[in-house]
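See below for the structure under consideration.
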Amino acid sequence: MDPVDIYAILGKALNNAIKSVQGLSDPERRMIDVLICREKIFTVFQAVNPMEGTLNFWGGLPLSTGPGTAATVLA
């Protein structure tokens, strides 16, 4: 995988997390946990953040909530 693609994926994940926590009504919950580690031959990236509202799934994967992306599956 090209490093530019990796940067784009990581950037998108962090932007999504930032947008989500900015909209939280309780400022105490506005935090993002980021984990990057190595597991055997894989590098694992995980961004975890609280959210308000409902997360919709299609085929077991979350759907994007961005404008014009109502049917886009995030993978």
Side-chain angles (χ1 to χ4, degrees):
M1 181 177 257
D2 191 314
V4 173
D5 295 329
I6 295 170
Y7 299 144
I9 292 168
L10 297 179
K12 182 67 172 175
L14 290 173
N15 283 339
N16 288 346
I18 291 167
K19 283 183 185 179
S20 179
V21 298
Q22 284 177 332
L24 294 175
S25 56
D26 180 3
E28 299 267 332
R29 295 183 58 220
R30 294 180 188 158
M31 67 177 98
I32 301 167
D33 293 320
V34 176
L35 169 71
I36 300 176
C37 65
R38 187 132 178 117
E39 290 188 18
K40 298 184 182 178
I41 64 169
F42 300 101
T43 300
V44 177
F45 171 81
Q46 181 179 15
V48 179
N49 60 275
M51 65 168 281
E52 293 176 346
T54 304
L55 187 57
N56 297 309
F57 290 85
W58 181 76
L61 297 172
L63 291 172
S64 173
T65 58
T69 58
T72 302
V73 176
L74 302 175

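Quick caveat, the model's predicted, so the values are computed rather than measured. The first residue of the sequence shown is numbered 1, and numbering continues consecutively from there.
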Would you mind listing every side chain to side chain donor-acceptor pair (under 3.5 Å) that reaches into residues 42-53, with sequence neighbours excluded? S20-N49, S25-E52, R38-T43

E39 meets the side-chain contact (heavy atoms from CB on, under 4.5 Å) criterion, sequence neighbours left out, with C37, V44

Heavy-atom neighbours of F57 CZ exceed 12 at 6.0 Å: yes

Co-members of the apolar cluster containing I6 [side chain, <4.5 Å]: M1, I9, L10, L14, I18, V21, L24, I32, V34, I36, F45

